[in-house]
Peer 1: 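Just passing along the structure, written as structure tokens.
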Amino acid sequence: MTFVVPFGPQHPALKEPEYFRFEVKGEEIIDLNVRLGYIHRGIERALQERSYLHNIYLAERICGICNVAHTTAYCQTIEQLANIEVPDRARFIRTILCELERIHSHLLWAGVAAHEIGFNTLFMFFWRDRELVLDLKEMISGNRQISASNTLGGVRRDVKPEYVPTMLRVLNKLEKETKYYIDVCTSDRTILARCMGVGVLTKEDAIKLCIVGPTTRASGVDVDIRRDDPYAAYDEISFKVIIEREGDVLAKVIVRLREILESIRIIRQALKALPRGPLRTKVAPKIEPNEALGRIEAPRGELLYYAISNGTDKPERIRVRPPTYANIPSFKPMFVGGTIAEIPIVMASIDPCFACTDRVTLVDSHTGKARVVSFDELRGRRK
Amino acid sequence: MEVLDFFFNSLVFPGLLFASLIGLLYVGIDRKVTGHMQHRIGPPIWQEYLDVGKLMSKEDITPHAAQSLVFNVVPLIALGAVVTVMLLLPVYSAQPALATVADLIVIIYLLNIPAICLMLGGYSSGSPFGSVGAARHVVQLFSYELVFILVIIAVVTRVGSLNLTTVVGYQAQHSWLILDWRLIPALIAMFTSIQGKLMRVPFDIPEAESKIVHGAMTEYSGPKLAIWRVVYDIETLVVAGFIAALFLGGPVAYTIGGVQIPGVVDFLIKTLVIVLITTTLRNIMARLRIDQALKFYLTFGALLAIISLVLVLVVP
């Protein structure tokens with residue numbers, strides 16, 4: 001006898017509306033069905049209606065948290081389309097911004113995860129330190145969150161020499177705190193009780209389902225676009241790709257926290273090696289017919305942009321595949337066999353960003369398998 | 001005169017008015033201290049009064065699915081129960097306000113009534129979150145209550161009386177029971193148990209907001225929710241006062257430099273210390289799952305209490 005436990009579209013554990021349908025036998029989850037598309041915003045179509053320059057604003061607003069990742073990927077793709085070389089200084093500044101964003105995104109996620117397991121003190125601590133990063137972002141770009149720094153052919157704002165001492169000081173502080181958090185997360189009994197051995201994604205599943213980002217690195221798969229397909233200034237910087245083998249929620253926490261340490265190292269190197277020179281090159285508004293594919297390592301994993309130009313100042317087509325979309329299939333092996341009580345933390349463990357996802361999802365409800373949600377299910381009643 | 005006394009005791013001191021004023025203040029302090037522990041500023045310590053006052057002034061709404069006598073009446077029953085315990089506790093001297101023969105067993109029963117009322121309210125609210133919260137509440141009730149009762153049995157065996165007044169009087173003559181090493185495991189077990197009783201982290205499973213909104217209280221709003229808040233706050237005070245009476249010698253009147261300090265001051269200090277200990281505990285842990293909580297209480301908690309009981313029986 002199985003019950004259907006609906007989860008969403010409105011649920012306190014979900015920050016964004018999506019629908020998950022769990023089939024449970026007692027407490028055990030035996031099947032899972034995902035229905036996406038509740039916040040489809042039609043941005044891909046909107047990208048075709050605007051000029052290349054105007055699209056930066058739109059790409060930036062695909063995801064509030066990883067806005068630098070989106071604009072970097074977008075600008076990189078369009079620069080490939082137009083065959084433009086970005087000045088060296090701009091490449092380094094992009095690297096710094098991307099890594100600052102990775103730190104803030106991982107801290108944000110860690111806070112949410114701590115909240116999901118009811119550890120509100122840790123949640124507040126993570127977000128307190130996230131403020132430090134946001135202050136740095138504000139100092140460089142003038143904005144805390146949506147940085148609006150990237151532009152076609154370079155960046156719009158410089159990292160001035162007087163910023164560097166402040167940045168190094170804050171990074172030192174952040175490094176100390178992050179080490180402390182790693183210590184807490186690997187030793188606190190209640191955290192271990194909630195995270196260890198929960199929501200395991202095996203290496204085989206991670207490879208088979210093409211999972212990306214920290215989620216797959218926590219399962220022992222050695223994938224990182226920054227190293228495998230270097231962009232910005234990553235080919236001139238040495239860094240480690242963080243791998244954990246266990247694949248459970250704890251491993252995902254540790255991978256992200258250790259990535260913060262690695263990001264701090266990257267920023268230090270980039271600040272040291274920051275070359276002199278112009279910030280941007282000119283880009284002609286019209287781009288000859290061409291096609292290009294750009295990918296970067298966003299905080300949540302591989303972010304992929306594909307663009308076709310047609311000789312006008314507007315793109316023919318732009319396709320975006322954000323990391324959360326690639327990670328959705330990992331829900332099934334992580335949930336099946338687990339219990340209902342694990343749902344919120346396991347769901348949070350891939351760091352889902354559904355607003356990103358839905359913008360590119362074509363929800364096909366006519367393929368037979370997908371089913372329209374009934375009113376009773378939405379109300380959470382059992383059949 | 002006796003009737004007048006009774007009304008004064010139950011409505012003003014140490015009953016409804018005193019208990020709610022102090023209870024709300026203590027939870028306010030708890031919230032402020034929590035804020036500081038979490039590197040926030042936190043609300044002012046009188047925030048609970050403002051919250052309850054605001055809720056009281058709201059429209060009284062009963063959801064369509066929850067139209068029943070039970071849903072509306074249980075907050076009041078719970079309030080009555082906790083205020084009654086207040087009358088049975090030694091607040092200003094070893095003698096409680098209601099000097100009848102009510103003993104520890106009555107207090108144990110009365111302390112369970114808010115939990116049972118909350119459970120009934122959750123089940124009758126017609127909301128899935130309410131019933132899930134209530135179901136978890138039942139599981140948790142059965143786990144922490146065993147530890148709670150075992151600790152009380154250990155103390156009662158030590159003193160040799162089921163009467164709280166006698167327990168307090170015994171401590172006044174000898175020494176506080178917290179200083180008896182045989183009861184230290186029981187004291188630790190007691191703190192784990194009240195963490196569950198007051199639904200604080202790591203045992204706030206019945207109202208885990210990231211999973212089941214607010215558990216059994218999900219459908220309550222306005223004045224009814226305000227009454228629940230008052231019940232919760234008074235319960236915090238009552239449980240702290242109960243532990244103070246069991247282990248810390250209850251209220252003692254002192255004379256410092258010729259100035260007579262009434263026992264109620266001692267009561268307030270001791271209860272505040274106990275509340276602050278539970279505040280600290282709730283801020284340094286993550287929430288457990290319901291099965292882990294059950295396992296924790298039935299193994300670790302119960303074991304500690306039984307160790308104390310055996311020590312008290314065996315070691316002279």
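Chain naming here is simple, since letters A, B, ... match the order of the sequence lines and numbering starts at 1 in each.
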Peer 1: Check Arg289(B) against Val198(A) and note the closest heavy-atom contact, atom names and distance.
Peer 2: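 Reported closest heavy-atom pair: NH1-CG2, 4.2 Å.
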Peer 1: Which atoms of Val112(A) are under 4.5 Å from chain B, going by heavy atoms: the side chain, the backbone, both sets, or neither?
Peer 2: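 Neither part.
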Peer 1: Can you tell me how far apart CG (Asp129(A)) and NE2 (His39(B)) are? Round to the nearest 0.5 Å.
Peer 2: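 That separation rounds to 9.0 Å.
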Peer 1: Between Met285(B) and chain A, which part of the residue has a heavy atom less than 4.5 Å away: side chain, backbone, both or neither?
Peer 2: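 Its backbone and side chain both get close to chain A.
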Peer 1: Measuring heavy-atom distances to chain A, does Ile284(B) have an atom under 4.5 Å in its side chain, in its backbone, in both, or in neither?
Peer 2: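 Only the backbone of Ile284(B) comes within 4.5 Å of chain A.
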Peer 1: Quick one: CH2 on Trp127(A) to CZ on Arg40(B), what's the gap to the nearest 0.5 Å?
Peer 2: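 Spacing of CH2 (Trp127(A)) from CZ (Arg40(B)) equals 12.5 Å.
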Peer 1: How long is the straight-line distance from CG of Asn120(A) back to OG1 of Thr34(B), given to the nearest 0.5 Å?
Peer 2: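 Going from the OG1 atom of Thr34(B) to the CG atom of Asn120(A) covers 9.5 Å.
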Peer 1: Return the CD to CZ distance between Gln38(B) and Phe119(A), rounded to the nearest 0.5 Å.
Peer 2: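 Rounded to the nearest 0.5 Å, the CD-CZ separation comes to 9.5 Å.
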Peer 1: If you compare all heavy atoms of Thr121(A) against all heavy atoms of Asn283(B), which two are closest, and at what distance to 0.1 Å?
Peer 2: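 What the structure gives for the nearest pair is OG1-O, 2.5 Å.
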Peer 1: Could you check whether any side-chain N or O of Gln292(B) sits under 3.5 Å from a backbone N or O of Ala193(A), counting only pairs where one atom can act as donor and the other as acceptor?
Peer 2: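 Yes: the side chain of Gln292(B) pairs with the backbone of Ala193(A).
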